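As structure tokens, the structure follows; a few thoughts come after it.
Predicted model, so just to flag it, every value in this text is computed and none were measured.
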Amino acid sequence: MTEKENNIGEFDKIYVNESPIGYNESLEKAKNVEIARNTYVYTNAEDSFQENMSTAWSFLGIGIVGAIFTLLNLTGVLHIMQGFMQKGVSLALFLGFIIYGIMVIRSKKDMLAKVEKEKADRNKFKDWMKTKFTEEVLSNLGSVDSSPEELELIQINYMSEELIKHFPEINPNFADRLAEEFFDEK
């Protein structure tokens, strides 16, 4: 045994002749990136609309109060802030808050249109699911040995995959959410 081999640990000996990143490792990393890209919790349009409006009003309120506070310091009524740089940056920040709040509030019509479209799509998908996924169809999925939890997952995955096949425009995470809701309602 050479001195170099004596200094290499047992684990390192196995990988001495391999490249640092092999084909399989690269493929596995690519799969993980694809999984991460498609893994997020679906937020329905109505919840998103409510969150955006709440954020907009918060930014607008804080912006107005902050701008008034900064203007009072600029005019000399208050003497809390020192220096024009601090007052200028503060005023710019609060004006940015006001502008952002107004922009989000003005986009309310677009957000409401998304909410209405999602409601219509949801009704269309649920009506299709009621005709397609009868109790008989769902009970034939899985095996006799499957636990109730496994059967639930199998049924939800089947419904989600069928939704995606029949409606290619559907967001896969929205399909998962609909399948879970449909399963919980039955």
Side-chain angles (χ1 to χ4, degrees), residues 26-69 90 92-186:
S26 297
L27 184 61
E28 197 61 37
K29 284 183 180 182
K31 286 180 184 176
N32 289 339
V33 168
E34 184 63 27
I35 289 169
R37 186 179 312 134
N38 293 327
T39 305
Y40 70 91
V41 176
Y42 181 79
T43 305
N44 67 29
E46 191 167 1
D47 291 344
S48 180
F49 170 74
Q50 295 297 332
E51 289 174 18
N52 284 337
M53 295 314 313
S54 173
T55 300
W57 286 108
S58 297
F59 268 73
L60 190 60
I62 291 170
I64 290 170
V65 170
I68 291 170
F69 175 76
S90 175
L93 176 75
F94 290 124
L95 287 176
F97 276 32
I98 293 169
I99 292 168
Y100 176 76
I102 291 170
M103 286 174 43
V104 173
I105 291 169
R106 289 187 71 192
S107 68
K108 181 179 181 177
K109 188 190 310 184
D110 294 336
M111 288 188 279
L112 284 173
K114 285 181 184 177
V115 169
E116 292 306 316
K117 182 182 180 331
E118 184 179 280
K119 282 182 182 178
D121 287 347
R122 181 181 294 269
N123 290 336
K124 176 177 78 170
F125 298 146
K126 282 194 173 186
D127 289 343
W128 180 81
M129 291 171 76
K130 285 176 186 172
T131 60
K132 173 80 173 162
F133 304 125
T134 62
E135 189 64 41
E136 182 181 327
V137 170
L138 295 177
S139 64
N140 289 330
L141 299 173
S143 66
V144 178
D145 299 334
S146 299
S147 70
E149 293 82 15
E150 289 173 322
L151 284 174
E152 178 181 337
L153 288 174
I154 290 168
Q155 291 174 352
I156 289 172
N157 286 337
Y158 173 75
M159 289 186 288
S160 178
E161 288 171 5
E162 288 298 311
L163 268 170
I164 293 168
K165 283 180 194 172
H166 192 74
F167 302 101
E169 74 277 5
I170 193 171
N171 179 323
N173 296 306
F174 184 45
D176 289 343
R177 169 74 67 92
L178 284 173
E180 288 174 16
E181 288 174 6
F182 184 81
F183 183 85
D184 290 340
E185 289 173 4
K186 71 171 189 101

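- The environment of NZ in Lys124 is crowded: more than 12 heavy-atom neighbours from other residues, nucleotides or ligands sit within 6.0 Å.
- For the pair His166/Phe125, no side-chain contact is recorded, criterion being any heavy-atom separation below 4.5 Å from C-beta on.
- Nearest heavy atoms, Ile170 versus Leu163: CG2-O, 4.0 Å.
- The shortest heavy-atom contact between Ala175 and Ile164 is CB-CG1, 3.9 Å.
- When all heavy atoms are compared, the tightest approach of Glu118 to Glu46 is OE2-N, 4.5 Å.
- Taking the six-membered ring for Trp and thresholds of 30 and 60 degrees, Phe133 and Tyr158 have ring planes more than 60 degrees apart, a perpendicular arrangement.
- At least one side-chain heavy atom of Val104 sits less than 4.5 Å from a side-chain heavy atom of Met111.
- Note that CD1 of Ile98 and CG of Leu93 are 10.0 Å apart. Values are rounded to the nearest 0.5 Å.
- Minimum interatomic distance between Gln155 and Leu138 (heavy atoms only, all atoms of both residues): NE2-O, 2.9 Å.
- Between the Ser107 side chain and the Asp110 main chain, no donor and acceptor come within less than 3.5 Å of each other.
- When every heavy atom of Lys114 is checked against every heavy atom of Ala45, the shortest pair comes out as O-CB, 3.9 Å.
- Put simply, CE on Met129 and OG1 on Thr134 are 12.5 Å apart, with the number rounded to the nearest 0.5 Å.
- Within 6.0 Å of the OH atom in Tyr100, the count of heavy atoms belonging to other residues, nucleotides or ligands does not exceed 12.
- Atoms CE and CZ, from Met103 and Arg106 in turn, are 9.5 Å apart once rounded to the nearest 0.5 Å.
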Output, in order, the C-alpha distance, side-chain angles, deciding distance and verdict of side chain to side chain contact (heavy atoms under 4.5 Å, CB included) for Lys119 and Val115.
-> CA-CA 6 Å; Lys119 282 182 182 178; Val115 169; 3.9 Å; yes
Before giving the answer on side chain to side chain contact (heavy atoms under 4.5 Å, CB included), spell out for Asn157 and Ile154 the whole-Å C-alpha distance, their side-chain angles and the decisive distance to 0.1 Å.
-> CA-CA 5 Å; Asn157 286 337; Ile154 290 168; 6.0 Å; no
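- To the nearest 0.5 Å, the span separating CE on Met159 from CG on Asp176 amounts to 10.5 Å.
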Show your working on side chain to side chain contact (heavy atoms under 4.5 Å, CB included) between Trp57 and Leu60 and close with a plain yes or no.
-> CA-CA 5 Å; Trp57 286 108; Leu60 190 60; 3.7 Å; yes
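- The CD atom of Glu180 lies 9.0 Å from the CG atom of Leu153; values are rounded to the nearest 0.5 Å.
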Check the pair Glu181, Arg122 against side chain to side chain contact (heavy atoms under 4.5 Å, CB included), reporting the backbone distance first and the verdict last.
-> CA-CA 11 Å; Glu181 288 174 6; Arg122 181 181 294 269; 2.6 Å; yes
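- Within 6.0 Å of NZ in Lys126 there are more than 12 heavy atoms belonging to other residues, nucleotides or ligands.
- A donor-acceptor contact shorter than 3.5 Å links the side chain of Ser58 to the backbone of Ser54.
- Annotation: the span from Asn44 atom CG to Asn171 atom CG amounts to 12.0 Å, rounded to 0.5 Å.
- Residues Asp121 and Lys117 form a side-chain contact, since some pair of their non-hydrogen atoms from C-beta on lies under 4.5 Å apart.
- The nearest pair of heavy atoms linking Ile62 to Phe94 is O-CD2, 3.8 Å.
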